Amino acid sequence: MTARLTGAQIIAHSLMKAGVPYAVGIPGHGCWCLTDAFLDVRDKLTTLMVMHEQSAVHLADGYFRATGRPLAAFTSIGPGSTNTVIGMATAFVDSSAVLLMTGSTHTYMRGHAVMQELDRAQETNNTRIFEPVSKRQYLATTVKSLPHIMHRAFNTMLSGRPGPVHLDLPMDVQAEAAEVEIPDFDRRVPAARLRPDAGLTHKAARLLYEARRPVIVAGGGVILSDASKELAALAEHVGAAVVTTWQGKGAIPEDHALNAWGVGTQASHCGNQLASTADVLLAIGCRFVDWTSSSFRQGVTYTIPPTKLIHLDIDPAEIGKNYPVEIGLVADAKAGLTDLLDAVRQVGNAKDFKTSDYYADIQAKKAEWDGTLGQFRDSDARPVTMARVMKELRAALERDAIVTSGAGLVQGTVRQAFPVYGPRTHLTSGGFSSMGFTVPAAIGAQLAYPGRQVVGCAGDGDFMQTMQEMAVAAMYDLPVLFMVLNNSGFISIKGGQMHNFGRTTVVDFQKRDGSLYSPNFCEAARAFGLHAQRISTPEEVQPAVRRALATTGPALIEVLVDRELGRGVTSTGWWDMPVPEYLKDRRAQYEAERNEEMIG
Ligand SMILES: Cc1ncc(C[n+]2csc(CCOP(=O)(O)OP(=O)(O)O)c2C)c(N)n1
């Protein structure tokens, strides 16, 4: 059925028809028509405000990571639009879906220097700003094109490897009307999942079944395609250890007997030991980035070859990118794992893996790693160590609680010392490693699951990049909990500087006289209208968390934590961070290590 609708109304009705519950952003004259049209459908589509547009995209990204369903983010023209670039980059690198709509210059005014237009290098080219951070971009130049653009945007965002989509919306296109039909979104997306080549799947199944030390590397793709059950079933059938990348954390319950924790630089010793000594490695939905591959230094995280790699990914461009494959399977992770599972069942019965020497070795390595972690996780130090905070927090939360984190020591500590038990419960800006993600992503997850516990775990630096969103949590009265682990500085960076250079700069938060500086986050949170507490000892964590969760609205716990270097995240792998030539000894060691990298 056709109707005469403005461009903005087409978008509003399309979002409603596609089942999008929230449009998040900051209005301005560049999107006035859009936000006004949202009012027509406000029963189904709620417009939410944030205090910085970066947060609109992180919030939508957090919602998608928690649910697999996208939200829309919107901005005005100019600065509102450019404020979102880090959000889009974060979503793009981690293959998360967000629909970002930016207001833009009237089509007939391009190049005439309208307010907030960037016109000097060329007339408005907002799409160019977003080009490297979008899976696909659309520039709507006519109202008539919008129904097509909208169903293509949803198709692109959600099919294959998900990703954020950017839609640039000139103001006149939002305002003018045409006779159009709102698309039927269900009929514009693929219904089936991409299956792997059958012959190659059987070859891979045999290789995996006959392996003596099989390891499965679960990446974010496993979680994106909801393939956790199939992953555990395959691991159990062949007795494979399962290691996880940053985005893969949660793909297997971390108390599963075959879970062997993370791989890479700030991950686990047992994960690296098992992955680097595997005879067959099945990697699913992972990119083999430097951070989870110890910068490709042979023998640290992986030893490929001689380890035989089966790589299953929906994006053919990932196959063979960083490691040569024995078998490359192009498929959706769930479909690929289902087919592999069928195929291994044809190869042989489920192995009695718990009686094997390999299983004993997995358990021994896990126990050793647990002992290493225990050093900080079980420490009674005061102020409390970050790892101990994680242990206490975990004990106070329900099994399905969702935790978010952004760049810094907290992110690594959550990865190592906060076990999660299901997919979509650990949301982190891992790939782009953005600070500022924690707070808005936690708000997005809490919106998705009003009845579940959601905790944003932030360092003080990470928190200060988007802490203004406490206002949003307070206005909408969301029961989200922010844990701010305050060590008065960019201490992860301080650690890296000390390690590489033996001296540091602009990493401690200090006054001119050298004394430590810190805002009082507890008082700031109260001023925003949150329930807030300030603690510093291990014994205080659980009671504080329980008190915070007993309140109905948002809460914050500021934890003054140990700021001693080397007592944060345990370094587990290797990372190629170039050392300047003037540091001769350090440089010589670095070069020797770098020579062991396999890049090709
Ligand atoms: C937006 C952004 N800017 C800079 C960085 C580089 N960076 C990574 S971690 C970090 C410090 C994080 O500080 P904080 O949140 O206080 O955590 P800490 O490491 O001190 O525990 C910085 C500056 C980044 N990842 N993202």
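Counting starts at 1 for both ligands and their atoms, following the listed order. This structure is a prediction, so every number in the text was calculated from the model and none was measured.
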Pairing of [X] and [Y] as salt bridge, 4.0 angstrom limit:
X: Asp562; Y: Arg382; result: no
X: Glu398; Y: Arg452; result: no
X: Glu596; Y: Arg297; result: yes
X: Lys366; Y: Asp370; result: no
X: Lys249; Y: Glu254; result: yes
X: Lys391; Y: Asp378; result: yes

Practice task
At a heavy-atom distance under 4.0 Å, which protein residues reach ligand 1? Sort them by chain and number, would you?
Solution key: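 Only Ile86, Met386, Ala407, Gly408, Leu409, Ser433, Met435, Gly459, Asp460, Gly461, Asp462, Gln465, Asn487, Gly489, Phe490, Ile491, Ser492, Ile493 have heavy atoms that fall under 4.0 Å of ligand 1, ordered by chain and number.
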